[in-house]
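What follows is a set of notes on a single structure, which appears directly below.
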Amino acid sequence: MTSYASRRVPSLCRIPLAAISELLDEGRGLLVPPGDHVAVNDAVRSVIDDPAAAQAMAHRARRWAAAELTRDRFIGRLCEIWASVGVTL
């Protein structure tokens, strides 16, 4: 999903994972319930029917990815996780 965001490609996901939800928040993508084929169809149709909205969604995802998916942020988050379980660097 992050590679799609980095390349300005509209994203559609059926797996409700926290990290995926964060990526798709605030109009950066579409999340549909697993197994809901009607919702998948509706989401795909919305992207096809409104390319300008799909492109805007992809641009929001790209801006988020550029700001949030940096090496420094990754290292900072990893250090926070380690600290939360008592690992010190």
CG of L69 to CH2 of W64: how many Å apart, nearest 0.5 Å?
-> 4.5 Å
dist R63:CZ -> R28:CZ (nearest 0.5 Å) comes out at 10.0 Å
Worked verdict on V38 versus D42 for side chain to side chain contact (heavy atoms under 4.5 Å, CB included) = CA-CA 6 Å; V38 173; D42 291 346; 3.7 Å; yes
Give a yes or no on this: more than 12 heavy atoms of other residues, nucleotides or ligands lie within 6.0 Å of atom CD of E68.
-> yes
Which atom pair, heavy atoms only, marks the closest approach of [X] to [Y]?
X: D36; Y: A39; value: OD1-N, 2.9 Å
X: V32; Y: A43; value: CG1-CB, 3.8 Å
X: L24; Y: L31; value: CD1-CB, 3.9 Å

Would you say the side-chain atoms of R73 pair up with the backbone N or O of A67, donor to acceptor, closer than 3.5 Å?
-> yes
Do R60 side-chain atoms and G27 backbone N/O form a donor-acceptor pair below 3.5 Å?
-> yes
Do the side chains of I75 and I81 join up, straight or via other hydrophobic residues, at under 4.5 Å, putting them in one cluster?
-> no
Sub-4.5 Å side-chain heavy-atom contact between V44 and L30 = no
